[in-house]
Structure formats: structure tokens, C-alpha cells
Amino acid sequence: MRADAARAAKPLNYQEVYNAIAEALDNSDYDDGSYGPVLVRLAWHAAGTYDKNTGTGGSNGATMRFNPESAHGANAGLSVARDLLEPIKKRFPQISYSDLWSLAGVVAIQEMGGPTIPWRPGRKDADTSAACTPDGRLPDASQAHDHLRNIFYRMGFNDQEIVALAGAHALGRCHTDRSGYEGPWTFSPTTFSNSYFKLLLSERWVDKKWSGPKQAVDKATGSLMMLPADLALINDRVFKKHVAEYAKDENKFFADFAAAFKKLEELGVPFPENAPTLTFNRAAA
Ligand code: HEM
Ligand SMILES: N=NC(=O)c1ccncc1
């Protein structure tokens with residue numbers, strides 16, 4: 001039997017897939033040295049299209065493989081993440097793209113020092129672009145708190161979960177050639193922490209003076225940024241209460257983020273009855 005056929009016949013060891021993704025993360029020539037943040041963004045965008053009212057969208061299907069979804073402005077730059085995972089798909093052909101992309105989000109968060117996130121396999125890929133979701137399902141960075149609630153309530157999240165999920169902006173950066181915005185939110189963009197919440201409250205945020213879209217920079221150094229949608233979290237009384245809680249208690253943030261991200265990754269997925277819930281530790285294999 002050919003090696004790839006033999007591999008395809010072997011039951012999938014998800015820890016091996018986890019380890020292969022973890023080994024692909026670090027690259028000193030890319031952004032801040034890791035593909036972790038863009039993998040988290042891929043997993044979130046693949047899942048964040050879910051509409052609880054129609055049961056459409058979500059991580060099941062991996063419809064971002066197809067036009068028009070791959071070309072949606074909100075998904076600009078995510079081909080970097082999809083292309084990074086392609087060799088791992090070839091090495092482990094039994095895993096669906098849907099499961100691979102969602103697992104990659106868990107690997108990235110855990111390997112960047114974030115909480116352990118239980119993960120279930122069982123997503124199935126869509127065969128055609130017919131399942132592509134319409135544009136506009138993901139949040140618009142230029143908007144404020146009402147828009148955030150419309151987008152996330154549609155997925156089935158509450159205010160506390162919205163704030164916890166936004167804490168992923170501790171990671172990575174904005175790119176002028178992707179969203180048009182520029183810069184990182186924190187001084188540690190490849191470490192998962194509660195620093196996004198601490199900086200939201202500790203820094204004086206002033207309008208960036210440039211020709212790009214409206215965004216804020218920290219007055220002290222000018223090297224950090226916040227989107228209008230980020231600042232909405234401290235301009236709304238209820239959101240701000242959760243920001244303050246997470247700025248004070250990183251363990252609470254980690255626990256709430258893990259629960260909300262698991263919920264995000266499982267939105268609308270028709271898991272098989274016997275789908276196991278797995279937790280991963282890179283040392284194991
Ligand atoms: C709350 C509403 C949100 C808005 C308006 C928003 C908007 C954005 C924008 C405009 C970017 C920059 C994209 C680029 O230019 O590369 C970005 C990056 C990012 N977002 Fe969000 N986002 C939101 C929520 C989330 C959530 C819920 C997560 C994950 C749970 C997330 C994870 C990320 C990550 C990790 C990056 C950095 C990606 C990289 O470094 O390449 N965001 N976000
Ligand atoms: N995390 N969210 C994003 O990356 C994003 C959301 C909407 N529009 C552009 C980018």
C-alpha cells in the first residue's frame with residue numbers, strides 16, 4: 001500500500017496534527033515572529049459567520065475556501081493562514097479543512113501561552129460555494145457598541161462573552177494592506193495575556209494623525225493602536241465593567257475566553273453523537 005494511502009487509512013491522531021501545526025507557528029521573518037495571531041483570526045472568521053436565526057454559517061463547511069467568501073474584505077490576508085495549513089492538510093488528508101482551521105486556532109492560543117481550550121472534531125467541508133455566507137456577518141471595526149451587540153447577539157453571545165472574545169486582540173496586529181488599519185494593540189503581540197484590557201484602561205487613546213481610517217494610538221508612545229470598535233468596550237458602561245474585571249484578573253479572563261472560544265468554534269456544528277472532547281498538550285504525542 002502506498003504511504004499516503006496507508007496514512008489515510010490510519011485513524012487520525014489529533015495530537016500529531018496539533019504538534020505539526022505548533023511546529024509551523026514560529027517564523028522570525030513574519031510579522032512579530034509567529035503565524036499564531038493570523039491562525040486565530042482564521043479560526044474566528046471561519047466560525048464568526050454563524051447566524052443562530054437561520055442556522056447558517058459557522059466553522060462547519062470551511063466555505064472561506066471558495067469565492068465570494070475568500071474575497072470578502074473582512075477576510076483580507078487570511079490566505080496567509082490557509083496557505084500555511086495546506087501542507088498539514090496534505091500530511092493528514094483525513095482531517096477536514098473545517099476541523100483543521102478550528103484546531104489551528106486552539107493550537108495558536110495554547111502555544112502563545114493562552115488557556116487550554118477543549119476541542120471536538122467532526123466538522124464536514126462543504127462541497128461547493130453554495131454554502132458561502134453573505135458579506136457583512138463579521139464586525140465592522142469602524143463601528144461602536146450597538147453594532148458589536150448586533151453582530152455577536154446574532155451568533156448567540158452575551159455582553160460578557162463579547163468582551164472576553166475581544167481579548168484576542170492581545171495578539172497580532174493590523175495591516176494596512178489587509179484591513180487598512182495599522183499596528184499592534186499590545187507590546188507583546190505573540191503572547192496571549194490580559195494586556196489588551198489593561199492597556200485599554202491605562203493608556204490615553206488619541207486619534208492617529210494619518211490619511212488612513214480613523215483609529216487611535218496611545219499618547220505615551222504612539223506605537224500601540226485601538227480600533228473604534230475596541231474603544232467601544234470602554235465607552236459602554238456594561239462592556240467596561242467586564243473590561244475592568246479582565247484587566248484585574250487574568251485567570252478569570254483565561255477561563256472566560258476558553259469557554260467563549262470553544263462556544264464560537266462549535267456554533268452550528270452538527271457533531272456526530274460520539275464526537276470526543278479532546279484537550280491537547282504538546283509534550284504528548
Ligand atoms: C469585536 C469585534 C472585532 C473587530 C471589529 C475586529 C477587527 C479586526 C481588525 C480590523 C483586524 C486587523 C486585520 C488586519 O489588518 O490584519 C483584526 C485582527 C485580529 N483579530 Fe479581530 N476583530 C474583532 C474581534 C475579534 C475576535 C472575536 C477575535 C478572536 C477571538 C479576533 C482576533 C483577531 C486577531 C488574532 C487579529 C490579529 C491578526 C494578525 O495579526 O494577523 N478579533 N481584528
Ligand atoms: N478580527 N477581525 C478581523 O480581522 C476583521 C473583522 C472585520 N473586518 C476586518 C477584519
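By convention here, the first residue in the shown sequence is residue 1. No hydrogens, no waters, no symmetry mates; every other heavy atom, side chains included, goes into these values. First listed ligand is number 1; within each ligand, the first listed atom is number 1.
Each protein N/O/S atom under 2.8 Å from atom 21 (Fe) of ligand 1 was counted, for a total of 1.
Taking each of His45, Gln143, Glu265, Arg173 in turn, the one with a heavy atom nearest to atom 40 (O) of ligand 1 proves to be Arg173.
Remark: ligand 1 atoms within the under-4.0 Å shell around heavy atoms of Phe152 are 1 (C), 2 (C). Remark: ligand 1 atoms within the under-4.0 Å shell around heavy atoms of Arg178 are 14 (C), 15 (O), 16 (O), 41 (O). The distance from ligand 1 to the heavy atoms of Leu148 drops below 4.0 Å at these ligand atoms: 1 (C), 2 (C). Close approach to Trp185 involves these atoms of ligand 1, each under 4.0 Å from a residue heavy atom: 17 (C), 18 (C), 19 (C).
Taking the six-membered ring for Trp and thresholds of 30 and 60 degrees, His169 and Tyr196 have ring planes more than 60 degrees apart, a perpendicular arrangement.
Geometric assessment of Arg149 against the ring of Phe239 yields a positive cation-pi assignment under the 6.0 Å and 45° thresholds.
Taking any N or O of His175, backbone or side chain, at least one lies under 3.5 Å from an N or O belonging to ligand 1. Backbone and side-chain nitrogen or oxygen atoms of Asp140 are examined, and none is located within less than 3.5 angstrom of a nitrogen or oxygen of ligand 1.
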Report task. Before giving the answer on ring pair (Phe, Tyr, Trp, His ring centres under 6.0 Å), spell out for Trp119 and Tyr18 the whole-Å C-alpha distance, their side-chain angles and the decisive distance to 0.1 Å. Result -> CA-CA 11 Å; Trp119 181 80; Tyr18 179 104; 9.8 Å; no
Requested in this report: Just do the salt bridge (charged side-chain N to carboxylate O under 4.0 Å, His left out) check on Lys241 and Glu245 with the steps written out, would you?
Outcome: CA-CA 6 Å; Lys241 180 170 64 84; Glu245 188 177 26; over 6 Å; no
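Counting heavy atoms closer than 4.0 Å to ligand 1, residue Phe192 contributes nothing at all.
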Could you check ligand 2 for N or O atoms lying under 3.5 Å from protein N or O atoms and list the pairs with distances?
residue, atom, partner, partner atom, Å
ligand 2, 1 (N), Trp44, NE1, 2.7
ligand 2, 1 (N), His45, NE2, 3.4
ligand 2, 2 (N), Trp44, NE1, 3.2
ligand 2, 2 (N), His45, NE2, 2.9
ligand 2, 4 (O), Arg41, NE, 2.4
ligand 2, 4 (O), His45, NE2, 3.2

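Lys52 places a side-chain N or O within donor-acceptor distance of the main-chain N or O of Tyr153, the cut-off being under 3.5 Å.
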